[in-house]
Chemist: 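Pasting in a structure now, in structure tokens, and then I'll have a few things to ask.
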Amino acid sequence: MKYFLIAGEASGDIHAAQLIGAIRQCDRNAEFAFFGGDLMEQAAGQQPLVHYREMAFMGFIEVLKHLGQIASFLKRAKQQIDQWQPDAVILVDYPSFNLKVAKYAHSKGVPAFYFISPKVWAWKEYRVKQIKQYITELYSILPFETDFYGRHDYHVEYVGNPTVKEMEEASKGFATERQFKQANHLDADRPIIAILPGSRHKEIRDNLPEMVAASREFPQFQPVIGGAPNIKEDEYREVLSRNGMASDDIKVLFGRSFELVAHARAAIVTSGTATLETAVLGTPQVVCYRMNGSKRVYNWYKRLLKVKYVSLPNLIADEPILTELLLHFCNRRSIALSLGPLLDETPQRSEMLAGYSRMMDRLGTNDCAATAASMLVARLRSIKQ
């Protein structure tokens, strides 16, 4: 059977690549086409029709400026459905774009599956109506989503969380901390503070300067930036330079962010999938999300959001494991105040690690991609009979 997948950002590329591999195990004759990234390319053995780095727009203004480009990608997706005639469309998060594709696929009689739900439980709850109308099956990777969708009379399956297996597999290839530092020309005597400013240009512009400034409050530690695959190293240095900060003394590592986090004493992380990856790896963290730092915007988002927490570990555990510094609360002083206790053997550090353990119990150990692939292929075969 033929599968057309769409992942619009780096985290989706990781998860969709795992799903492609799992589908191959269930359907030996599977063919793939996709919008995605390098990991999906490796799994599928072919290049993306559109690379996600061309699609990773964030925020109303940035989306508005690129409406023409987004429209051309949507046209390309519709043409792929018409011309290639896939047996299934598989959508990975990225709701503003993917729900439009789902609607079109539905109009053409092509079943659409969602792997990794849009965060409709946080905001834009009205999208549940579209999901119910256009999505054949939704495979949830967050355990609390089953209850959320159940309240909307829509049954979804929790298939496990891909991050658990991904971190387990990644950790098998990690060097020792000493070897890691030596291989990446880091100071052997100073512990690491990992800085993960996100994978989108705007996230990096807004968060990186505050993160780096906070880390430099602890000169006995060395800050190291985990570089996103779609961002060039020059951009990190230009952002710091524009904010009057020297960058020659800070390392940017690409392709080793998981290992970086695993060997860090603590991490400063932009809210998103990276917070869950950091938690699964067992590294204490401070969660940041600056964007527009004004109090007015904060109050607006506070009214808009339907959830108590923003970071995935807190949402999964349903308790405030992590400190969340959002918008105007996210500044170098508040980050440093939250980070300091995590760098020593303190009650705050111990409590966070215990919270991670409770979160892991809720996630379980199910092989997410294998479970989703098995259900998806079985449903497709039943449709085609």
Side-chain angles (χ1 to χ4, degrees), residues 4-16 34-37 40 48-81 88-108 110-142 145 148-149 152 154 156 198-204 206 228 230 270-273 289 291-292 297 300-301 303-307 310 312 315:
F4 178 33
L5 296 91
I6 300 178
E9 51 198 351
S11 60
D13 181 42
I14 295 170
H15 303 322
F34 61 94
F35 289 15
M40 293 172 73
L49 301 171
V50 176
H51 199 288
Y52 73 76
R53 72 169 67 95
E54 301 178 57
M55 304 169 64
F57 305 122
M58 181 182 177
F60 177 77
I61 300 299
E62 195 169 347
V63 168
L64 194 62
K65 289 193 298 186
H66 294 90
L67 280 178
Q69 195 172 355
I70 294 168
S72 72
F73 295 150
L74 184 60
K75 182 179 180 181
R76 183 86 181 271
K78 291 177 178 179
Q79 288 174 339
Q80 183 68 15
I81 292 170
V89 171
I90 304 173
L91 309 168
V92 184
D93 199 358
Y94 203 59
S96 295
F97 186 89
N98 275 341
L99 285 172
K100 292 181 178 67
V101 175
K103 181 178 180 179
Y104 188 77
H106 180 79
S107 74
K108 296 294 182 176
V110 178
F113 298 82
Y114 233 122
F115 179 60
I116 304 180
S117 168
K119 298 174 180 61
V120 289
W121 33 262
W123 68 335
K124 298 187 178 180
E125 196 167 336
Y126 64 84
R127 284 176 166 160
V128 174
K129 183 178 179 181
Q130 296 171 282
I131 290 171
K132 291 174 67 175
Q133 187 173 359
Y134 304 129
I135 301 301
T136 301
E137 280 189 353
L138 186 151
Y139 306 119
S140 165
I141 65 166
L142 297 171
E145 289 179 334
F148 168 81
Y149 281 107
H152 290 273
Y154 184 65
V156 306
S199 61
R200 292 165 168 155
H201 301 285
K202 183 169 173 52
E203 288 176 332
I204 292 165
D206 291 340
N230 57 312
T270 293
S271 182
T273 306
Y289 201 83
M291 201 171 71
N292 183 314
V297 173
W300 181 74
Y301 270 107
R303 290 193 299 271
L304 186 66
L305 291 175
K306 305 293 185 182
V307 289
V310 171
L312 288 173
L315 286 163

Chemist: Please report the interatomic distance CG(L315) to NZ(K119), rounded to the nearest 0.5 Å.
Modeler: 9.5 Å

Chemist: Any chance the side chains of S96 and R127 put a donor and an acceptor closer than 3.5 Å?
Modeler: yes

Chemist: State, to 0.1 Å, how close V156 and E145 come at their nearest heavy-atom pair, and which atoms those are.
Modeler: CG2-O, 4.1 Å

Chemist: Between E9 and R53, does a salt bridge (Lys or Arg N to Asp or Glu O under 4.0 Å) hold up when you go through it step by step?
Modeler: CA-CA 7 Å; E9 51 198 351; R53 72 169 67 95; over 6 Å; no

Chemist: Let me confirm one number: the CE-NE2 distance from M40 to H15, rounded to the nearest 0.5 Å.
Modeler: 12.0 Å

Chemist: State, yes or no, whether a side-chain contact exists between Y126 and V120 at a heavy-atom distance under 4.5 Å.
Modeler: no

Chemist: To the nearest 0.5 Å, what is the distance between CZ (R76) and CG (L49)?
Modeler: 5.0 Å

Chemist: Are N230 and H51 packed together at the side-chain level, in the sense that at least one heavy-atom pair is separated by less than 4.5 angstrom?
Modeler: no

Chemist: Between L91, L138, I141, D93, which is the residue that forms a side chain to side chain contact (heavy atoms under 4.5 Å, CB included) with F115?
Modeler: I141

Chemist: Would you name the heavy atoms of G198 and E203 that are closest together and state the gap between them?
Modeler: CA-OE1, 3.4 Å

Chemist: Picking from F148, Y154, Y149, what satisfies ring pair (Phe, Tyr, Trp, His ring centres under 6.0 Å) with H152?
Modeler: F148

Chemist: How far apart are the closest heavy atoms of Y134 and A112, and which atoms are they?
Modeler: O-CB, 3.8 Å

Chemist: From K103 NZ over to I135 CD1, what is the distance, rounded to the nearest 0.5 angstrom?
Modeler: 13.0 Å

Chemist: Indicate the atoms forming the closest heavy-atom contact of V92 with A16, along with that distance.
Modeler: CG2-CB, 4.0 Å

Chemist: So, for Y52 and Y94, is the gap between ring centers shorter than 6.0 Å?
Modeler: no

Chemist: Go through the steps for L142 and W121 under the test side chain to side chain contact (heavy atoms under 4.5 Å, CB included), then give the verdict.
Modeler: CA-CA 11 Å; L142 297 171; W121 33 262; 3.7 Å; yes

Chemist: Report yes if the side chains of I90 and I6 come closer than 4.5 Å at any heavy-atom pair, otherwise no.
Modeler: no

Chemist: Specify whether F35 and F73 have parallel, tilted or perpendicular ring planes, treating 30° as the upper limit for parallel and 60° as the lower limit for perpendicular.
Modeler: perpendicular

Chemist: Is the closest side-chain heavy-atom distance between L99 and Y114 below 4.5 Å?
Modeler: yes

Chemist: Closest heavy-atom contact between G37 and D13?
Modeler: N-OD1, 3.1 Å

Chemist: Once you round to the nearest 0.5 Å, how far does OG1 of T136 lie from NE2 of H106?
Modeler: 8.5 Å

Chemist: Test Y139 against I116 for side chain to side chain contact (heavy atoms under 4.5 Å, CB included), laying out the working first.
Modeler: CA-CA 6 Å; Y139 306 119; I116 304 180; over 6 Å; no

